[in-house]
Amino acid sequence: GRSAMRRWLGLWWPAAWALAPNFETFSGRALGTWSGTTERWDGSEVCPSVDEVSEVMRSCGGAVQGLRMGEVMANRADDNFVYFDDGTWCLADSDEPLIVLAHGDDVRRRFRVDAVALQGRGPSPDDATTLPTDLPESRMIRGRRRGDAWILPRVKWTDGDAERLPPVDAEARLATSSAYLASWQTDGTTRHLQAGSCYAGEFKALDLEYDLPGRVLREVALYSTQGPATPS
């Protein structure tokens, strides 16, 4: 009866959703004025950059609908707007992917297909750390879909696993000394989009795994490793 169902939900709900990212925690680390520099992947141009990230409220009430960054609207109703408690987020279904990796509360790196930006909420951050040549196993927060469709409220989240990043084909990688963006296929049925960044001794990477054909999101995984950087 209903009491048995309630007991079952009480046992199952925490295991299934307790690890899901919290939007309020995320937005507190994502909002603000972010300033720094943008560098084209080919090194042809480095220029100042400023992004204003603000909340968007629902027109019919006071609830937060999502975030706005310039012309980009990240809507909470869009299952492909994926975010993490540390302030990392992405638009996973975009033909021109947008990925933001957070380093602490006040430094972030923004990835696009043409350029990468290093920005801070205070003074412009100094980029002196290089990508490591070999990564140890990293703490991983993983979200994997249930069934055939990526529906964010139904994603199964796990945290604390120690694993290595899926290996990146060097020919599929756009890179600077401290960041990279890569897209490649593994076996004709899987495509990866991966962004990695090293700052102040911390390495982070977000790996998006899609089904082929059709590019349906299957899994997101946020990797982080704290330790000394190794020159590349």
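Index from 1, following the sequence.
D148 CG: 12 or fewer foreign heavy atoms inside a 6.0 Å radius.
Contact record, S224 with S138: O-CB, 3.5 Å, taken as the closest heavy-atom pair. The nearest pair of heavy atoms linking G147 to R145 is O-NE, 2.9 Å. Counting all heavy atoms, side chain and backbone alike, G188 lies closest to L212 at O-CB, 3.8 Å. Closest approach of S35 to P125, counting heavy atoms only: O-CD, 3.9 Å. Pairing each heavy atom of A30 with each of G87, the nearest pair is CB-O, 4.3 Å. Contact record, T25 with N22: N-OD1, 2.9 Å, taken as the closest heavy-atom pair.
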(Q) Let's go through V116 and R109 carefully: what are the C-alpha distance in whole Å and the side-chain angles of both, what is the deciding distance for side chain to side chain contact (heavy atoms under 4.5 Å, CB included) to 0.1 Å, and is it a yes or a no? (A) CA-CA 7 Å; V116 59; R109 206 178 292 267; 3.5 Å; yes
Q.
M73 vs V56, test: side chain to side chain contact (heavy atoms under 4.5 Å, CB included). Steps then yes/no.
A. CA-CA 8 Å; M73 170 64 183; V56 177; 3.6 Å; yes
Q. Going through the distances and angles, do Y180 and S197 end up as a side chain to side chain contact (heavy atoms under 4.5 Å, CB included)?
A. CA-CA 7 Å; Y180 69 87; S197 170; over 6 Å; no
Q: Run the numbers on L101 and L206 for side chain to side chain contact (heavy atoms under 4.5 Å, CB included), then give the verdict.
A: CA-CA 8 Å; L101 286 174; L206 183 63; 3.8 Å; yes
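Remark: D51 CG to T38 OG1 distance equals 7.0 Å, nearest 0.5 Å. Note: E209 CD to L193 CG = 12.0 Å, rounded to the nearest 0.5 Å. Put simply, CG on D105 and CZ on R29 are 5.0 Å apart, with the number rounded to the nearest 0.5 Å. Atom OG1 in T88 sits 8.0 Å away from atom NE2 in H103 (nearest 0.5 Å). In this structure, CZ on R218 lies 14.0 Å from CZ on R215, to the nearest 0.5 angstrom. To the nearest 0.5 angstrom, D86 atom CG is 12.5 Å from R108 atom CZ.
Using modelled atom types and a 3.5 Å distance limit, the side chains of Q185 and R191 yield no donor-acceptor pair. Judged purely by distance below 3.5 Å, without hydrogens or angles, the side chains of E219 and Y210 never pair a donor atom with an acceptor atom. A donor-acceptor contact under 3.5 angstrom links the side chains of E52 and T33, judged on distance only. Side-chain contact of T186 with H192: a donor-acceptor pair under 3.5 Å is absent, judged by distance alone. With 3.5 Å as the limit, one finds a donor-acceptor pair spanning the side chains of Q119 and S49.
Residues V64 and L91 are members of one and the same hydrophobic cluster, defined by side-chain heavy-atom contacts under 4.5 angstrom among Ile, Leu, Val, Met, Phe, Trp and Tyr. Hydrophobic clustering (ILVMFWY, side-chain heavy atoms < 4.5 Å, transitive): V216 and I151 are in distinct clusters. By the rule that hydrophobic residues join a cluster once side-chain heavy atoms approach within less than 4.5 Å of another member, L174 and V113 end up as members of separate clusters. Under the 4.5 Å side-chain contact rule for hydrophobic residues, V53 and V72 share a cluster.
A donor-acceptor distance shorter than 3.5 angstrom exists from the side chain of K204 to the backbone of A102, with no hydrogens or angles considered. Side-chain N or O atoms of D79 include one that pairs as donor or acceptor with a backbone N or O of L152 at under 3.5 Å. At distances below 3.5 Å, not a single donor-acceptor pair connects side-chain atoms of R110 with backbone N or O atoms of L98. Listed for the R121 side chain is a donor-acceptor partner under 3.5 Å among the backbone atoms of L31. With hydrogens and angles disregarded, no donor-acceptor distance shorter than 3.5 Å links the side chain of Y223 to the backbone of D207. Side-chain N or O atoms of R40 include none that pairs as donor or acceptor with a backbone N or O of V46 at under 3.5 Å. Proximity of a side-chain donor or acceptor of W184 to a complementary backbone N or O of R173 within less than 3.5 Å is not detected. At distances below 3.5 Å, at least one donor-acceptor pair connects side-chain atoms of S27 with backbone N or O atoms of E24. The closest donor-acceptor contact from the side chain of W150 to the backbone of R146 lies at 3.5 Å or more, if one exists at all.
Taking the side chain as every heavy atom from C-beta outward, L118 and Y199 approach each other to under 4.5 Å. Side chains of F81 and N75 form no contact here, defined as non-hydrogen atoms less than 4.5 Å apart. Put simply, the side chain of C90 reaches to within 4.5 Å of the side chain of L208, judged on heavy atoms.
Of the residues listed (D85, L222, I141), the one engaging D159 in a side-chain contact (heavy atoms from CB on, under 4.5 Å) is I141, and it is the only one. When each of F26, W89, W157 is paired with F84, the ring pair (Phe, Tyr, Trp, His ring centres under 6.0 Å) condition holds for W157 and for no other.
Between F23 and Y83, the ring centre distance stays below 6.0 Å.
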